[in-house]
Number of protein chains: 2
Amino acid sequence: MKPEHVTNEVYRFFTEVGIINQLISTKLEAFLPGRMTATQFGILGHLVRRPEGETPLQLSNAFQVPKTSMTHMLSSLESHALITLEANPNDKRSKIARSTPRGAEFLQACMDRMSTALGPVMSELGPEPFHETLPNLTLIREALDSERD
Amino acid sequence: MKPEHVTNEVYRFFTEVGIINQLISTKLEAFLPGRMTATQFGILGHLVRRPEGETPLQLSNAFQVPKTSMTHMLSSLESHALITLEANPNDKRSKIARSTPRGAEFLQACMDRMSTALGPVMSELGPEPFHETLPNLTLIREALDSERD
DNA sequence: CTCCAATAGTGCGATATCGTACTAATTTAA
DNA sequence: TTAAATTAGTACGATATCGCACTATTGGAG
């Protein structure tokens with residue numbers, strides 16, 4: 001084993017992840033209104049798939065952003081009427097964020113436009129690189145996630 | 001073929017990439033002084049590996065951030081004496097960013113601390129997930145990169 | 001029950017990001 | 001050789017991000 005070589009590969013892995021994230025966020029954000037963020041869009045998708053809703057804290061854990069940032073993002077989404085923020089009946093300190101029908105519609109419309117925009121790249125690459133990579137990415141994400149203090 | 005299934009997998013791919021990026025940036029930024037960013041750190045690494053230096057525009061292309069953001073990041077790095085910004089002899093509109101010895105030292109020190117911090121995760125995962133994934137990530141990054149207008 | 005430590009969310013202030021519009025230099029074309 | 005179009009970088013302003021400190025609430029130990 002060459003530990004230096006391994007470290008280098010890990011470093012390049014994270015670099016590629018960073019650049020891909022940057023590329024795809026920029027592309028997505030071009031379709032989003034105003035200064036709406038790729039992360040905000042991700043949150044909306046998360047909520048659409050969970051009709052029972054989630055608390056801000058659950059969301060900030062899921063997306064690994066500080067609580068303070070989540071407050072800001074959620075109020076932005078709320079101001080666009082894409083989600084609602086209600087009091088949590090089980091805990092008066094807490095809230096529940098839920099997507100609205102308008103939010104679900106909006107998500108679908110953006111996803112469609114994004115699919116169209118990615119069409120050329122997708123047909124060039126085919127589904128394999130994504131399919132092959134996904135399990136390892138999940139593995140790495142889970143390991144990093146469980147390691148954090 | 002199920003196009004819906006494929007789209008879903010691509011979506012999850014980008015979601016995982018986003019979260020991994022978030023996790024690793026947060027972890028790295030905990031080791032960096034002040035509000036220094038993971039991207040800024042990436043730029044420094046890029047320059048250390050290229051002693052001839054690069055122009056701000058080359059860097060903003062490589063890291064896919066707007067020119068304006070690059071200006072800010074470079075002046076921040078310069079204020080920490082980790083890089084220098086000189087006039088470009090070939091083009092008076094342009095500049096050349098180069099890493100300083102101090103920058104290279106700093107990079108090494110942070111990388112070392114980062115390796116230590118990642119030790120447990122790395123030995124849990126082993127090098128394979130990174131090694132297996134890297135070629136596909138590069139492929140996807142290049143395809144996305146060449147598609148942009 | 002009474003305290004006290006832990007927890008959910010937010011206000012505030014500092015800094016980062018990035019779109020727009022600009023200047024200066026370079027290239028192109030006539 | 002000019003004049004127009006393009007290009008590199010930045011100033012500025014609007015907004016996003018996030019650390020710190022705070023309040024309200026909860027849960028647990030005595």
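Note: hydrogens, waters and symmetry copies are ignored here, and every other heavy atom, side chains too, is used. Remember, predicted model here, so these are calculated numbers, not experimental data. Just so it is clear: chains get the letters A, B, ... in the order the sequence lines come, proteins before strands, and each one is counted from 1.
- The residue among R93(A) and V65(B) whose nearest nucleotide of DNA chain C lies closer to the 5′ end is R93(A).
- Separating the CG atom in L118(B) from the OG atom in S123(B) is a distance of 10.5 Å, to the nearest 0.5 Å.
- Atoms CD (E78(A)) and P (dG9(C)) sit 14 Å apart, rounded to a whole Å.
- Comparing dG9(D), dG9(C), dC18(D) by their closest approach to the side chain of S69(A) singles out dC18(D).
- Ring centroid separation for the pair H46(B) and F63(B) comes in under the 6.0 Å cut-off.
- At whole-Å resolution of the value, NE2 in H72(A) and C1' in dG19(D) are 15 Å apart.
- For the pair P56(A)/T71(A), no side-chain contact is recorded, criterion being any heavy-atom separation below 4.5 Å from C-beta on.
- Using a 4.5 Å cut-off on side-chain heavy atoms (C-beta onward), F41(A) and L107(A) make contact.
- The separation between Q40(B) atom CD and dC18(C) atom P is 12 Å, rounded to whole Å.
- Spacing between atom CG of L74(B) and atom P of dT17(C) amounts to 11 Å, rounded to whole angstrom units.
- Listed candidates were dA16(C), dG9(D), dG9(C). Nearest to the side chain of T71(B) is dG9(D).
- At whole-Å resolution of the value, CE in M70(A) and P in dT17(D) are 10 Å apart.
- Distance L59(B) CG to dA8(D) P: 13 Å, rounded to the nearest Å.
- Of the residues near DNA chain D, N90(A) and M36(A), the one whose nearest nucleotide (by heavy atom distance) lies more toward the 5' end is M36(A).
- The separation between K67(B) atom NZ and dT7(D) atom C1' is 7 Å, rounded to whole Å.
- In this structure, S94(B) reaches the sugar-phosphate backbone alone: every heavy-atom distance under 4.0 Å involves primed, P, OP1 or OP2 atoms, never a base.
- Side-chain proximity of K95(B) to dG9(C), dT10(D), dA8(D): nearest is dT10(D).
- Between T68(A) and P66(B), the residue anchored closer to the 5' end of DNA chain C is T68(A), taking for each the nucleotide with the nearest heavy atom.
- Among the heavy atoms of the strands lying under 4.0 Å from M73(B) are primed sugar atoms or P, OP1, OP2 only; no base atom is included.
- Comparing dA8(D), dG19(C), dC20(D) by their nearest atom to the side chain of L57(B) picks out dA8(D).
- Where P56(B) and T39(A) meet DNA chain D, the nucleotide closest to each residue was compared, and P56(B) sits on the side nearer the 5' end.
- In this structure the side chain of L28(A) never reaches within 4.5 angstrom of the side chain of F14(B), judged on heavy atoms.
- Across all strands, K92(B) comes closer than 4.0 Å only to sugar-phosphate atoms, never to a base (heavy-atom distances).
- Taken to the nearest 0.5 Å, the CG atom of L134(A) stands 4.5 Å off from the CZ atom of R12(B).
- Residue T37(A) has a polar side-chain atom (N or O) positioned under 4.0 Å from OP1 or OP2 of dT17(D).
- D91(A) comes within 4.0 angstrom of the backbone, heavy atoms only, and of no base.
- S76(A) comes within 4.0 angstrom of nothing in the nucleic acid, heavy atoms only.
- In this structure, Q64(B) places its CD atom 15 Å from C1' of dT17(C), rounding to the nearest Å.
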